[in-house]
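Only heavy atoms go into these numbers, but all of them, side chains included; no hydrogens, no water, no symmetry mates.
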Amino acid sequence: MNAERNTFKNIDKPLLLIYLLLVVAGWFNIFSVVYDPETSAGFSLASRYGKQLLFIGLAFLIGAVVLLVDIRIFSQFAYLYYGIAIGLLCMVLVLGTEISGAKAWIKIGSFSIQPSEFAKIATCLAFAKYVSQPAMDMKRVRNQIAASLWFLLPMGLILLQPDAGSALVFVSFALVLYREGMSGKVLLAGMVAVVLFVAALLVNRYILIGVIAAAVLLLLFLNRRSFKNIALAVLLFTVCSFYTLGVDYAFNKLSAHQQTRINVLLGKESDIKGAGYNVNQSKIAIGSGGFHGKGYLQGTQTKFNFVPEQCTDFIFCTLGEEWGWVGCTLFLVLYMVLLIRIVKMAERQRSAYARVYGYGVACIFFMHLFVNVGMTIGLLPVIGIPLPFFSYGGSSLWAFTLLLFIFVKMDTKRYAG
Amino acid sequence: MRRTTINRSTVIIVIFLTVAFIYWIRLFQLQILEERYTVDARSNAIRHKVQYPGRGLIYDRNGEILVYNEAVYDLMIIPGQAKETDWTLLANLLEITEEGAKERYKKARAYSRHAHSVFEKQISKETYGKLQEYLYQFPGFYVQSRTLRRYPRPIAAHVLGDVGEVSESEIARNPYYQMGDYIGKSGLEKYYEEQLRGKKGVKVVMVDVLNREKGSYKGGMFDTVAVSGHELYSTLDASLQAYAEELMYGKRGSIVAIEPSTGEVLALVSAPTYDPNLLIGRVRSANYRVLLNDVQKPLFNRALMAYYPPGSIFKLPQALIGMQEKVITPYSGFACDKSTVGCHNHPDAMSVAEGVRMSCNPYFYQVFRRIIMRGKDPNRFVDSRMGLERWDTLIRSFGLGQRLGIDLSDAKAGFIPDAAYYDRYYGRNQWAFSTIFSVSIGQGEIGLIPLQMANLASIMANRGYYRVPHLVRFIGEDKQVSPFVDTSAHYVPIDRKYFDPVVEGMYGAVHLPGGTARRAYIDTIPVCGKTGTSQNPHGKDHAVFIGFAPQDNPRIAISVFLENSGFGGTWAAPLASLLIEKYLTGKVSRTWLEQQVKAFTVYEPEGNPKAR
């Protein structure tokens with residue numbers, strides 16, 4: 001009994017408040033999308049906002065249950081859950097139902113689940129358990145590689161579906177690895193790789209190689225010109241050059257429509273009616289919101305289906321259109337508060353397991369925000385990925401709630417050893 | 001050790017914040033710096049639907065509807081939104097060719113990508129019903145309801161005029177109009193365009209991606225209501241007009257009937273005419289072409305535009321001017337001297353009344369000679385010139401040689417030759433009475449339009465004045481007088497007493513032996529009239545009759561002009577008498593005469609089904 005009371009006393013109230021704010025705002029947003037001024041019939045549970053309300057109720061139930069049960073149910077059996085998740089991911093490749101080009105769903109009767117959602121949680125739990133072993137020194141590259149395998153395996157399986165969006169989420173575990181001791185140079189290298197990737201597609205290959213050479217020479221000039229550094233510089237130049245050429249080569253191997261998608265994003269092609277349609281409509285919706293937006297329920301673009309996938313992947317458009325730049329700013333602030341709060345909470349954990357898990361949660365949320373919003377405002381390619389607590393759908397809402405509340409539960413035990 | 005971990009958590013937070021910051025800046029750019037998204041959003045989801053007002057109805061003088069409106073539907077297109085249109089399906093639904101459909105799309109696109117254009121005009125209710133089911137498959141297309149003019153009786157085409165789509169020059173002249181709007185093209189429709197058209201409204205509605213309307217934008221805050229056009233209460237008498245057109249079937253010419261006391265035009269016919277229902281809707285341009293190419297020129301409004309020598313009806317003002325100028329008296333007599341000018345056989349006219357009754361040409365030769373040559377100058381050329389100048393001011397006061405202010409825009413002025421004209425033609429002091437004597441009997445250079453002839457009858461009926469003939473009595477529900485109508489009395493500078501002998505002659509022409517208009521006789525109504533034969537160098541002479549009835553307190557003044565039908569008394573006079581009987585008694589008892597008049601034709605009307 002005492003432990004129970006402690007649990008509720010120790011719940012992190014700010015985090016809970018932010019969670020509730022996001023979920024409620026998310027629901028009102030979905031209501032606005034579905035709302036039709038012509039058929040302003042009474043409240044209906046059969047509509048999307050009605051269903052979402054049920055989903056939210058169930059999510060709260062899940063959160064409450066997580067807070068009530070013994071946390072060891074999650075920590076002790078982490079590897080088991082991971083095993084099940086991997087099993088499901090394999091199964092979905094065989095038995096899955098194909099929805100919009102990806103075999104991501106398993107249908108059981110009228111109920112369908114998306115194993116990748118739960119794989120995120122299982123991976124987070126198992127990864128945290130593995131990394132937080134007392135004997136594990138994460139400064140060692142060997143251990144880093146071993147830990148990476150925990151998220152690279154499900155990521156690979158999800159890419160086979162293929163669901164690039166969900167797979168991308170697993171990349172975020174690299175940040176957790178960084179926190180636990182991986183060299184910052186790896187992150188830097190990763191970023192350089194991304195920059196070079198984009199540059200390889202945009203810039204003429206010879207100019208690009210020239211720029212790389214100049215950058216390497218500058219680096220060499222700023223450092224001591226020892227034999228070792230010169231050798232490193234040559235190596236760096238060679239690797240970067242081959243990488244860019246490789247990207248160029250790979251791009252030409254891609255199918256035409258994938259090339260178009262990337263070109264549209266990079267602004268090299270404009271194809272308003274084809275590949276660029278979604279993004280253009282999304283930008284129109286958000287852009288037309290202006291400073292303070294058109295007002296709640298007043299959006300015209302998002303309400304009348306101009307933006308595809310309105311309730312799910314492009315839900316951010318409604319926010320942008322109806323609440324404008326002010327609303328988007330508030331949204332970003334709220335999300336940042338959520339992420340920073342989770343990071344701060346992770347840092348206050350005594351248990352390494354809880355800390356690593358907390359970072360995992362923060363990074364997963366971050367990746368969703370990064371990819372989803374980046375897509376709607378035309379900075380990233382169109383990759384289907386839900387915006388946590390805003391996108392319509394039970395599966396993702398329950399998964400995010402579960403993910404978050406396991407951490408909240410862990411946090412309540414922060415004073416216990 | 002501790003220090004590095006804190007740094008690492010900070011680095012991660014900084015990564016989060018950096019991404020958020022970049023997105024925040026991007027949102028600022030999209031939402032605040034760039035205007036184009038707002039514009040695109042409007043063209044996406046906001047549609048300005050023009051609300052077309054009902055065009056004003058037109059009634060006749062007894063409240064009978066002459067023109068009403070019928071609903072039709074226009075298929076509109078916003079080319080920028082018409083993507084991936086199934087042209088085959090659309091073409092099939094509209095019963096046009098696929099190539100034609102694509103051609104229209106290209107044309108509309110060339111006009112504007114974002115503004116609407118008419119894609120298919122005046123779709124019938126049946127086609128509209130079919131189309132409606134499929135409309136959701138055609139984003140960028142929508143249907144706009146419009147009205148077409150309809151004519152319950154196929155009469156008065158030349159008066160009522162027609163309505164058509166605005167031309168580019170009309171749009172350029174008046175910013176009220178947009179492409180696809182309708183405008184009065186002729187007749188009352190044109191003259192009273194501003195009164196009839198009403199005021200367009202606009203309804204701002206939201207549409208979804210499938211082009212379905214989703215209610216009004218901002219609760220109708222930006223909507224404006226369309227205001228219907230005003231009704232026109234015309235002066236026409238529909239049954240008289242219809243009867244006049246019936247009698248003119250197969251003839252060429254014109255009839256104008258006026259209520260003398262008010263100047264209200266009771267009937268205005270130009271024959272051949274056509275069914276005004278031919279010039280509406282989708283059939284308009286095809287029918288227009290047929291009518292335009294018709295050798296009988298049915299589109300030509302003879303009543304207002306055709307110049308005819310008036311012939312002997314011109315003797316009426318000549319007699320009046322002669323008496324007013326005191327060059328003759330009511331009892332002046334002249335011998336019928338056929339050496340001056342040709343005449344038919346009749347006793348010598350011993351008075352103005354007799355001269356008029358028997359329409360003696362030498363009589364009016366003498367009258368006009370006295371008007372022109374008064375011996376005020378020994379030089380006959382100078383004398384004639386002075387005489388003509390005096391005559392000119394008097395004759396023009398009868399509304400001749402000048403545009404009568406009728407409320408139709410195509411009325412012509414007619415032509416009265418003046419001294420300047422003869423100077424130009426023959427040279428100054430190169431002409432005298434002997435040069436211009438044919439003017440005395442309404443031949444020569446003189447040209448009158450049938451409306452002016454009817455107005456002359458009106459002056460005779462009123463014994464000295466006319467009110468400007470007009471076609472609209474009132475406008476709108478509050479029955480305002482037309483701003484275009486001059487209702488004042490225009491007096492001719494002729495003393496009242498000089499009208500009596502002339503009117504007596506007109507009465508005699510119908511009622512007494514030797515009268516030239518005996519066939520205008522009606523046993524119950526005292527008709528006064530004057531015939532004329534208008535010489536036609538191109539063929540058989542034209543016949544003309546003007547008259548009024550009853551003799552005292554006349555209620556109708558009329559001109560009947562029949563091209564190529566010979567002597568005025570033969571067909572023009574009885575035709576006029578039938579109309580007078582019809583108007584004054586409401587029926588025609590002399591069916592035998594009616595049969596005769598109808599049987600007389602100058603061309604074969606069956607040759608062309610469009611013209612009547």
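- In this structure, the side chains of A:F331 and B:L27 stay at 4.5 Å or more apart for every pair of heavy atoms.
- Residues B:V11 and A:Y178 form a side-chain contact, since some pair of their non-hydrogen atoms from C-beta on lies under 4.5 Å apart.
- Scored by the side-chain contact (heavy atoms from CB on, under 4.5 Å) test, B:T127 finds B:I123, B:S124 as partners (sequence neighbours excluded).
- Listed options A:I340, A:L187, A:V333 were ranked by heavy-atom pairs under 4.5 angstrom with chain B; first place goes to A:I340.
- If you measure heavy-atom distances from A:V373 to chain B, the contacts under 4.5 Å come from both the backbone and the side chain.
- The distance from the CZ atom of B:R26 to the NZ atom of A:K283 is 5.0 Å, given to the nearest 0.5 Å.
- Interface residue B:L17: backbone and side-chain heavy atoms are both found under 4.5 Å from chain A.
- Residues A:F366 and B:I12 form no side-chain contact, since every pair of their non-hydrogen atoms from C-beta on lies 4.5 Å or further apart.
- Proximity of A:L379 to B:I22: side-chain heavy atoms (C-beta onward) are separated by under 4.5 Å at one or more points.
- Nearest heavy-atom pair, A:V343 versus B:S9, reported as atom, atom and distance to 0.1 Å: CG1-CB, 4.3 Å.
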Exercise for review: Evaluate side-chain contact (heavy atoms from CB on, under 4.5 Å) for B:F28 paired with A:C328, printing each intermediate quantity in order.
Suggested key: CA-CA 9 Å; B:F28 182 80; A:C328 290; over 6 Å; no
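- A search for ring pair (Phe, Tyr, Trp, His ring centres under 6.0 Å) contacts involving A:F365 returns A:F389, A:F400, not counting sequence neighbours.
- Between the CD1 atom in A:I377 and the CD atom in B:Q29 there is a gap of 9.5 Å [rounded to 0.5 Å].
- Interatomic distance, CZ of B:R8 versus CD of A:E180, reported as 9.5 Å (0.5 Å rounding).
- Using a 30° and 60° split on the angle between ring planes, B:Y23 and A:F370 fall in the parallel class, below 30°.
- Considering only heavy atoms from C-beta on, A:L175 comes within 4.5 Å of B:F16 through its side chain.
- Taken from CD1 in B:I32 to CZ in A:F291, the straight-line distance is 6.0 Å, to the nearest 0.5 Å.
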